[in-house]
Amino acid sequence: MKKRFFTANILLITAVLLGDLCYHFIGTTLVKGIVSFGFVLLSIINLIYSLKSKTSNKKYPILMMIGAILGMAGDILLASQFVLGAAAFAISHVFFVTAYCTLSRFRLRNLIPATCIFIPPLLLITLAPFFDYGSLFMEMLCITYAAIICVMVGKAIANFIHHKQVTYGIILIGSILFYISDLMLLLYVFGGAPEITDIICIATYYPAQCLLAHSIYHAATPRTSVVTFTTKESDIIRHSPETQKIS
């Protein structure tokens with residue numbers, strides 16, 4: 001069963017990344033919706049795998065799947081209804097953060113990396129002279145959205161620092177790519193940045209969604225040993241499965 005689901009993951013991720021390339025050339029909302037359905041399907045398949053694996057943490061795959069569905073909705077809405085699309089993405093990030101908290105409970109110190117990440121975009125949004133939001137509402141929307149995604153990335157960083165395991169590494173990379181994608185979108189839509197920023201936005205977005213959906217598979221995969229990296233030694237250590245909820 002494990003091999004079949006892993007193969008399905010690889011095939012779907014490959015299909016989404018190829019679809020990402022097609023979207024660069026075709027650029028229609030229909031194509032974007034179809035490609036986005038790919039990472040939603042990936043999360044659904046991994047949810048099924050998680051249920052079949054009988055892991056103790058059922059909340060993580062369910063919350064991640066809901067986040068992926070909201071992300072697809074954001075994709076479809078963003079072009080014609082930017083505010084609704086941004087709202088869908090913001091809510092999806094809330095679900096992602098909540099999912100991360102089921103793997104390792106939220107602590108106030110988790111806000112330290114989130115705050116450090118939030119300060120640069122906050123200064124950029126509020127002080128950079130080349131941004132044109134059109135209204136105070138839109139500027140406040142961007143600030144609120146930035147705060148939410150920074151909490152998401154900050155929690156991913158805190159989880160990985162505390163549990164240096166494969167699942168947390170995948171979540172961290174996916175979260176960082178999401179952050180980069182949204183930063184590029186901000187520069188392109190409101191800052192008049194060149195088209196390369198839009199290309200980077202899409203090029204980082206779909207890998208981010210795929211990694212987050214793929215993390216469901218790793219979180220549900222039983223292991224007799226888990227490779228963990230330590231910052232104190234150059235070698236690796238092995239310990240108990242990472243599928244347990246670590247408080």
Side-chain angles (χ1 to χ4, degrees), residues 13 16-36 38-39 67-68 70-94 96-97 113-157 171-212:
I13 291 172
V16 171
L17 296 181
L18 288 174
D20 182 9
L21 187 62
C22 290
Y23 178 69
H24 277 298
F25 293 101
I26 301 174
T28 64
T29 303
L30 176 62
V31 172
K32 193 175 186 182
I34 293 172
V35 177
S36 296
F39 62 72
L70 286 166
M72 182 182 71
D75 280 336
I76 296 170
L77 290 169
L78 208 59
S80 58
Q81 300 288 334
F82 185 87
V83 174
L84 290 178
F89 274 118
I91 298 171
S92 78
H93 295 330
V94 172
F96 288 149
V97 172
T115 303
C116 294
I117 297 168
F118 178 58
I119 291 174
L122 175 63
L123 295 175
L124 184 67
I125 292 170
T126 56
L127 300 179
F130 51 82
F131 281 116
D132 181 12
Y133 302 101
S135 67
L136 179 61
F137 170 78
M138 190 62 73
E139 183 175 358
M140 294 305 298
L141 177 67
C142 291
I143 292 173
T144 303
Y145 184 91
I148 293 172
I149 193 169
C150 286
V151 171
M152 170 182 155
V153 178
K155 180 56 179 169
I157 292 172
I171 292 169
L172 176 59
I173 296 171
S175 300
I176 291 173
L177 287 175
F178 224 131
Y179 177 86
I180 294 172
S181 175
D182 286 339
L183 179 60
M184 294 299 105
L185 181 65
L186 176 73
L187 292 170
Y188 183 70
V189 174
F190 300 106
E195 190 176 355
I196 185 64
T197 54
D198 185 45
I199 294 173
I200 296 173
C201 170
I202 299 299
T204 51
Y205 170 70
Y206 284 109
Q209 288 281 25
C210 285
L211 285 171
L212 294 180

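Computed over heavy atoms, backbone and side chain alike; hydrogens, waters and symmetry mates excluded.
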### Query
So do S175 and F96 actually touch side chain to side chain, heavy atoms under 4.5 Å?
no
Apply side chain to side chain contact (heavy atoms under 4.5 Å, CB included) to residues D75 and V35 and explain how you reach the verdict. CA-CA 10 Å; D75 280 336; V35 177; over 6 Å; no
Taken in chain and number order and not counting sequence neighbours, the residues that satisfy ring pair (Phe, Tyr, Trp, His ring centres under 6.0 Å) with F89 are Y205
Discussion item. Any heavy-atom pair between the side chains of L187 and F130 that's under 4.5 Å?
Written reply: yes
Between S36 and M72, the two heavy atoms sitting closest are CB-CG, 3.6 Å
Taking only distance into account, with no hydrogens and no angle test, what donor-acceptor pairs under 3.5 Å do side-chain atoms of residues 19-27 form with protein atoms, sequence neighbours excluded?
none

Nearest heavy-atom contact between S92 and G67 is CB-O, 3.2 Å
With sequence neighbours left out, the residues meeting side chain to side chain contact (heavy atoms under 4.5 Å, CB included) with A90 are Y145, I148
Step-by-step side chain to side chain contact (heavy atoms under 4.5 Å, CB included) determination, L124 to L183: CA-CA 10 Å; L124 184 67; L183 179 60; 4.0 Å; yes
Rounded to the nearest 0.5 angstrom, the CD1-OG distance for I200 and S181 is 10.0 Å
If you look only at distance, which donor and acceptor atoms sit under 3.5 Å apart when one is on a side chain in residues 133-144 and the other is two or more places apart or in another chain?
unit_1	atom_1	unit_2	atom_2	d
Y133	OH	I125	O	2.9
S135	OG	M138	N	3.2
T144	OG1	M140	O	2.9

Distance col, row L70:CG vs L77:CG, nearest 0.5 angstrom, shows 10.5 Å
Interatomic distance, CG@L185 vs SG@C201, rounded to 0.5 Å, equals 4.5 Å
In short, T29 meets A79 closest at the heavy-atom pair OG1-CB, 4.3 Å
Separation between CD1 (I176) and CE (M152), nearest 0.5 Å, reads 10.0 Å
Beyond-backbone contact of Y179 with C150, side-chain heavy atoms, under 4.5 angstrom:
yes
One should read off an interatomic distance between I202 CD1 and M184 CE, to the nearest 0.5 angstrom, of 12.5 Å
Sub-4.5 Å side-chain heavy-atom contact between D182 and L186: no
Output for pair (E195 CD, Y188 OH), nearest 0.5 Å, gives 5.5 Å
A87 meets the side chain to side chain contact (heavy atoms under 4.5 Å, CB included) criterion, sequence neighbours left out, with none
Those residues at least two apart in sequence (or on a different chain) that pass side chain to side chain contact (heavy atoms under 4.5 Å, CB included) with L177 are I173, T204, P207, A208, L211
So, do I157 and I117 sit near enough that their side-chain heavy atoms are less than 4.5 Å apart?
yes
